[in-house]
Amino acid sequence: FASGLVVALASGMTIKYFPLYFKNTLGFGPALVQAVYVAVPFAMAGASALGTCLGRAIGRVEAVITLRVAGLACFGAMVALDARELHQSA
């Protein structure tokens, strides 16, 4: 419960700033930012289907743990790439 609450609160505080990150850091134009927001629900639907299939194959708890670790790895990669980019531009 506690980890879910922390993730929910942190997401609520950061998600509203993603368009600024896309615009300022990645250089996306307004149309591309909106395209990302259109694509996200489709990606979430696909990931949900993948999670269901994975849960049937290896078990629900194992699937949750696997997908949490994969999500953390993706987030870590995003942070590392951003930090590397900041270091190179300095």
Side-chain angles (χ1 to χ4, degrees):
F1 171 78
S3 69
L5 179 64
V6 169
V7 169
L9 290 173
S11 294
M13 291 187 286
T14 59
I15 288 177
K16 61 184 170 184
Y17 296 107
F18 279 173
L20 290 174
Y21 173 78
F22 292 144
K23 177 186 164 285
N24 297 336
T25 304
L26 301 179
F28 287 10
L32 191 52
V33 171
Q34 289 306 311
V36 168
Y37 276 91
V38 167
V40 165
F42 294 106
M44 289 175 65
S48 177
L50 174 70
T52 300
C53 292
L54 187 64
R56 287 187 189 132
I58 66 172
R60 290 186 302 179
V61 172
E62 291 82 359
V64 168
I65 292 170
T66 301
L67 294 173
R68 277 283 171 133
V69 169
L72 286 171
C74 288
F75 180 70
M78 186 175 84
V79 169
L81 289 172
D82 192 47
R84 187 182 77 181
E85 199 172 289
L86 286 174
H87 179 67
Q88 288 177 350
S89 67

Residues two or more places apart in sequence or in another chain: which of them pass side chain to side chain contact (heavy atoms under 4.5 Å, CB included) with V36?
F22, F28, V40

Under 4.5 Å between side-chain heavy atoms, counting indirect links through other Ile/Leu/Val/Met/Phe/Trp/Tyr residues: same cluster for Y37 and F42 or not?
no

Mind checking ring-ring contact (aromatic ring centres under 6.0 Å, His included) for F18 and listing every partner two or more places apart, or none if nothing turns up?
none

The side chain to side chain contact (heavy atoms under 4.5 Å, CB included) partners of L54 (sequence neighbours excluded) come to I58, A63, T66, L67

Do M44 and V33 land in one hydrophobic cluster if side-chain heavy atoms of ILVMFWY residues count as linked below 4.5 Å?
yes

